[in-house]
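This is a predicted model, so every value here is computed, not measured.
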Amino acid sequence: MPPDSGAWPGRVLLAGGTGAVGQQLLVRLATHPGVSALKVLLRRPFPLPAGAQALHTSWQDLAEHPEWFQVDTVFCALGTTIRQAGSQEAFRQVDHDHVLALARHAKAQGVRQFLVVSALGADAASRVFYNRVKGEMEQGLAAIGFESLTVAQPSLLLGERAEFRLGEHLGQWGSRLAGGLMPARYRPVHVAQVAAGLVDASQHPQRGLHVLDNIQLRKNPAP
């Protein structure tokens with residue numbers, strides 16, 4: 001891929017921009033000198049920064065809009081919880097099916113770089129449903145064959161959320177009690193650090209699959 005970092009991430013499509021990590025991505029991409037155009041897929045109205053283009057979708061009509069994917073880079077921050085989704089099936093639809101549908105449409109239109117938020121412990125062979133879905137999602141993306149694929153694998157996320165997540169709240173509380181005893185790989189990471197890691201990676205696309213683990217993500221500046 002071109003070595004000139006000033007050319008990237010170029011024309012950008014963002015999915016999942018209303019979530020915790022997605023909102024951080026939105027802020028950074030909207031002011032990034034390397035972004036020449038910013039499109040944001042939305043399921044509901046949401047205030048966007050000046051210059052960003054809202055694309056309202058139900059996810060079933062992506063095939064009807066190939067022009068949406070006339071971009072260089074796709075950021076995907078789609079994600080939910082089983083509680084929020086209502087069932088394991090509904091959770092899988094968002095965190096697996098929608099992500100892969102987005103990626104396939106992007107690849108069909110010649111998108112060269114795809115960056116996605118996954119999770120620590122993602123493993124297609126895991127007995128833990130959440131980890132297994134994330135692992136299968138990663139496998140599916142790798143099989144699509146993007147010129148550059150970056151996967152962020154954060155631990156528990158710190159930062160403001162639209163909805164309260166008990167598991168993450170308890171995990172953050174426990175990590176504070178554990179202090180320095182918790183291995184760096186498992187320590188919570190701020191959503192701003194995850195977004196910063198992905199945007200930085202997008203400026204320097206690497207061929208093939210590139211994984212940003214939790215230790216790498218935590219090296220980015222936190223609020």
Side-chain angles (χ1 to χ4, degrees), residues 1-17 19-30 32-41 69 71-79 94-96 98-124 131 133-155 157 159 185 189-222:
M1 303 185 78
D4 179 10
S5 63
W8 295 94
R11 299 166 299 166
V12 171
L13 175 65
L14 169 63
V21 175
Q23 289 186 45
Q24 292 289 326
L25 284 170
L26 185 58
V27 170
R28 283 165 171 75
L29 293 171
H32 196 290
V35 175
S36 57
L38 176 58
K39 304 177 182 179
V40 185
L41 286 176
F69 297 92
V71 296
D72 304 297
T73 301
V74 172
F75 287 84
C76 180
L78 293 173
V94 174
D95 283 57
H96 179 276
H98 287 347
V99 175
L100 293 187
L102 178 76
R104 292 186 184 107
H105 287 298
K107 177 64 176 177
Q109 297 303 317
V111 172
R112 303 175 66 187
Q113 179 174 208
F114 194 95
L115 303 98
V116 65
V117 181
S118 182
L120 174 69
D123 182 355
N131 291 350
V133 170
K134 291 294 189 181
E136 291 173 352
M137 178 268 286
E138 290 186 15
Q139 278 191 347
L141 289 177
I144 290 173
F146 284 102
E147 192 168 346
S148 177
L149 172 62
T150 299
V151 177
Q153 296 181 335
S155 182
L157 296 172
R185 181 170 183 260
V189 58
H190 199 280
V191 291
Q193 294 175 299
V194 179
L198 285 169
V199 172
D200 183 65
S202 75
Q203 298 176 86
H204 312 281
Q206 297 187 28
R207 289 188 180 275
L209 172 63
H210 175 51
V211 176
L212 295 173
D213 64 30
N214 198 58
I215 294 176
Q216 291 173 286
L217 294 172
R218 281 174 46 84
K219 291 179 181 179
N220 294 299

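- Counting all heavy atoms, side chain and backbone alike, Ala152 lies closest to Leu217 at CB-CD1, 4.3 Å.
- Of all heavy-atom pairs spanning Leu100 and Gly140, the tightest one is CD2-C, 3.7 Å.
- Rounding to the nearest 0.5 Å gives a distance of 7.5 Å between CG of Asn131 and CG of Leu120.
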For this session: Assess whether side chain to side chain contact (heavy atoms under 4.5 Å, CB included) is satisfied between Leu157 and Val189, documenting all intermediate values.
Result: CA-CA 5 Å; Leu157 296 172; Val189 58; 4.0 Å; yes
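- Nearest heavy-atom pair across Trp8 and Gln113 is CE3-NE2, 3.5 Å.
- The shortest distance between side-chain heavy atoms of Met137 and Val116 falls below 4.5 Å.
- Contact between Val117 and Pro154 at its shortest, heavy atoms only, is CG1-CG, 4.2 Å.
- To the nearest 0.5 Å, the span separating OG1 on Thr150 from NE2 on His204 amounts to 11.5 Å.
- Across every non-hydrogen atom of Ser148 and Gln206, the tightest pair is OG-O, 2.7 Å.
- Rounding to the nearest 0.5 angstrom, the gap separating the NZ atom in Lys107 from the CZ atom in Arg104 is 13.0 Å.
- Every residue two or more places apart in sequence or in another chain was checked for a salt bridge (charged side-chain N to carboxylate O under 4.0 Å, His left out) with Arg185, and none qualifies.
- Atom CD of Glu147 and atom CG of Asp72 lie 11.0 Å apart (nearest 0.5 Å).
- Annotation: side chain of Pro205 is not in contact with side chain of Arg112 (no heavy-atom distance under 4.5 Å).
- How far CZ of Arg28 is from CG of Leu198: 10.0 Å, rounded to the nearest 0.5 Å.
- His210 contributes atom NE2, which lies 10.5 Å from atom CG of Leu149 (distance to the nearest 0.5 angstrom).
- The shortest side-chain heavy-atom distance between Leu26 and Leu38 falls under the 4.5 Å cut-off.
- Inter-residue side-chain proximity for Leu41 and Leu102 is flagged as met; some heavy-atom pair is nearer than 4.5 Å.
- The shortest distance between side-chain heavy atoms of Val21 and Val191 falls below 4.5 Å.
- In this structure, the side chain to side chain donor-acceptor pair (under 3.5 Å) partners of Asp95, at least two apart in sequence or on a different chain, are Lys134.
- Between Val111 and Phe69, the shortest heavy-atom contact is CG2-O, 3.6 Å.
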